[in-house]
Number of protein chains: 2
Amino acid sequence: MSDVAALAGVSKMTVSRVLAGRGVAPATRERVQHAIDELGYVADAAAGALSSGRSAFAAVLVPSLASSNFSDTVRGLTAALEPHGLQLLIGDTDYDLEREERLVRSMLRHQPRCIALTGAQHTPATRELLVRAGVPVVEMWDLPASPIDAAVGFSNAKAAREMVRYLAERGYRRIGFIGGASELDRRGLERLKGYSQEVKARGMSERVVRLGDSPITMSHGAPALDALLQQWPDTDAVLCVSDMSAFGAIMQCHRRGLSVPGDIAVAGFGNFEVAACCTPAITTISVDAYGIGKRTGETLLAALAENDGASRHATPSRRSVKIDYTVIARESA
Amino acid sequence: MSDVAALAGVSKMTVSRVLAGRGVAPATRERVQHAIDELGYVADAAAGALSSGRSAFAAVLVPSLASSNFSDTVRGLTAALEPHGLQLLIGDTDYDLEREERLVRSMLRHQPRCIALTGAQHTPATRELLVRAGVPVVEMWDLPASPIDAAVGFSNAKAAREMVRYLAERGYRRIGFIGGASELDRRGLERLKGYSQEVKARGMSERVVRLGDSPITMSHGAPALDALLQQWPDTDAVLCVSDMSAFGAIMQCHRRGLSVPGDIAVAGFGNFEVAACCTPAITTISVDAYGIGKRTGETLLAALAENDGASRHATPSRRSVKIDYTVIARESA
DNA sequence: TTGAAAGCGCTACCAC
DNA sequence: GTGGTAGCGCTTTCAA
């Protein structure tokens, strides 16, 4: 920066102002900009952060970047935060709460301006770290009973209930559920819970197969469907924890010579791309994953703006943004 | 850190050494660690980076996080770099070279220790910035004619030729290609180039449909297949620029009552999960996307180790790692 | 094995 | 509109 200042014949402060886009006379600004280009000068963000006491980072934690759900959410966050000069620090927890804690710890070292993470469940240490960080926090994809700060999500249980209701209304009575075996995928467990509640409420019996790790992939569907039909051969509909699994199940139906939905109806969750493209097209719950990211970003920005205006100590906003979901009726159920 | 030092009754330097895991007497180390836990102290990475002149960042640029290809590559990079204490700065270029340049510029402000980016094509300014950065750079997913520094990838053109060869050997003679319309997806264009070369070399005629933006998604396949069959109704095989498109095309064949591969063979590229799960299972080119990330990470680490040992000015390694690919023969072709 | 001083590159603050 | 000074929280270097 000294070099640039010298070349432009101004002080470092003026260079700093030009970079920050603050009040500088047009002529001066041009000279400085020229010097910057000349020297290929790139300001050091670490020095800036240290000096000003505010970084340009936003921390983001998702269970898995490979799931289109969460990569869409990350895209939404990027869309909201990048225009405000925030650089995303993205971490992949792999559905592991200990790993989440390690990642939070490591990200906190970079003094992020705000934090977005997935789900309602975290280790006590993670919660403690997050609260102490004193920056806006949003938990995404769930509506926690006691949020750390704010939340942007929906009730996975209620959404699953709605799908069971849809199936019941279409006349299906022997409805199964296939999902993952892991206790770590809380959203999957919530969906299972919603399924169980609604099935019981209607006096139907539960038919649950839990198999495999999260994230649930396409290859989950085939063995899960086989297991379900082996135990309950007369099953007439199956709700899958995700469209990935639903797709695998439908392909397995093809292989077994079962028609969908004629012999068995299959419903998914998430409205992934495959649900619309596959034949039969998959009936599913549509969740706006990108919107969750976007709304989360906006919520964080609003909290940042407030904190700037008011006291320094982050006043937890506790706001909770409910994201809509809808049953998309297609061909498979 | 002063607070921690005071509480532990040592100097700041000793606290710093404990955090860095350097030579400190066990008793002292314990006292310090206790004070750290007590106060919930989290070291400031910006200050550390500024003081030591070396950040803990690795910059990564991919065209799209939504493509499982690239999210797998990011996972591979994480696996390689995270254990060495490097934090990934992930950017999504959206197949836009201008955006790539902006992202590089913004990431460079954080003084990354190394940089991984996708493809061989960049704006002149991007190349300039990257060279001036003086840190190891790896270009992934391609083998550039004149790499900036190192490269980890394969020839997309040769891989596509191999698939055409496979199809020709299975007796297909009227082979089409469906891909994206964008000039920005260089890997897609390379695949098209390979197709054209091999088709011409065998005296067959080209049948090319280019449609839609990158990243190519499942919904690309159906309209592209329709367009192909409208123009060349007697097509007996189609090579798709990606498995996503191939899947969409196969589903469209189902809808049109065409049997695959009986009426028309369909081949994909990438060996995505859907290729193995769908029926008929998709014949494709398998590329180890995760491995590209892993190898890239290892290449970067090796370069960092060298630079540490030797001179400060990064000696470009110019090494080029070739990644294997293979035709996976399944049911669809 | 530990401590003290200097300074990394920038921005906040106050003068002019 | 511009410049000087102080100092952000660490690590480097050297001394004890």
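The shown structure was predicted, so the numbers you read here are calculated from the model rather than taken from an experiment. In what follows, chains carry the letters A, B, and so on, assigned in the order in which the sequence lines appear, proteins first and then strands, with residues in each chain numbered from 1.
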Nearest-angstrom distance from the residue atom [atom1] of [X] to [atom2] of [N]:
X: B:R54; N: D:dT12; atom1: CZ; atom2: P; value: 8 Å
X: B:R17; N: D:dC14; atom1: CZ; atom2: P; value: 14 Å
X: B:I36; N: D:dG9; atom1: CD1; atom2: P; value: 16 Å

Practice item. Quick one: label B:G53 by what it contacts on the DNA or RNA (base, sugar-phosphate, nothing), any heavy atom closer than 4.0 Å. Key: nothing

Practice item. Tell me what B:A49 touches on the nucleic acid: a base, only sugar-phosphate, or nothing, going by heavy atoms under 4.0 Å. Key: nothing

Point to revise | Positive for side-chain hydrogen bond (donor to acceptor under 3.5 Å, both in side chains) with A:W141, one of A:N156, A:T73, A:T118, A:N69 | key: A:T73

Point to revise | Base D:dG1 to side chain A:R22, donor-acceptor N/O within 3.5 Å cut-off | key: no

Check your understanding: Considering only heavy atoms and no angle criterion, is a donor-acceptor pair shorter than 3.5 Å present between the side chain of B:S51 and the base of C:dG7?
Key -> yes

Practice item. Answer yes or no: does a side-chain N or O of A:T28 lie under 4.0 Å from OP1 or OP2 of D:dT2? Key: yes

Review point. Can a side chain N or O of B:Y41 be found less than 4.0 Å away from OP1 or OP2 on D:dC10?
Key: yes

Practice item. Step by step, work out the ring-ring contact (aromatic ring centres under 6.0 Å, His included) result for B:F57 and A:F57. Key: CA-CA 13 Å; B:F57 289 121; A:F57 289 120; 5.4 Å; yes

Check your understanding: Of the non-hydrogen atoms in B:L50 and A:D44, which two are nearest, and what is the gap between them?
Key -> CD1-OD2, 4.4 Å

Check your understanding: In residues 1-15 of chain A, what residues come within less than 4.0 Å of DNA chain D, judged by heavy atoms?
Key -> A:V10, A:S11, A:M13, A:T14

Practice item. With the side chain of A:L50 defined as its heavy atoms from C-beta on, choose the nearest nucleotide among D:dC8, D:dC10, D:dG1. Key: D:dC8

Does any donor atom in the side chain of [X] or [Y] lie under 3.5 Å from an acceptor atom in the other side chain?
X: A:S68; Y: A:S71; answer: no
X: A:S55; Y: A:Q111; answer: no
X: B:H122; Y: B:E101; answer: no

Practice item. Let me know, please, whether B:P26 or B:Q111 comes out on the 5' side of the other along DNA chain C by nearest nucleotide. Key: B:P26

Study note, to complete from the structure: Between B:A47 and B:R29, whichever has its closest DNA chain C nucleotide further toward 5' is B:R29

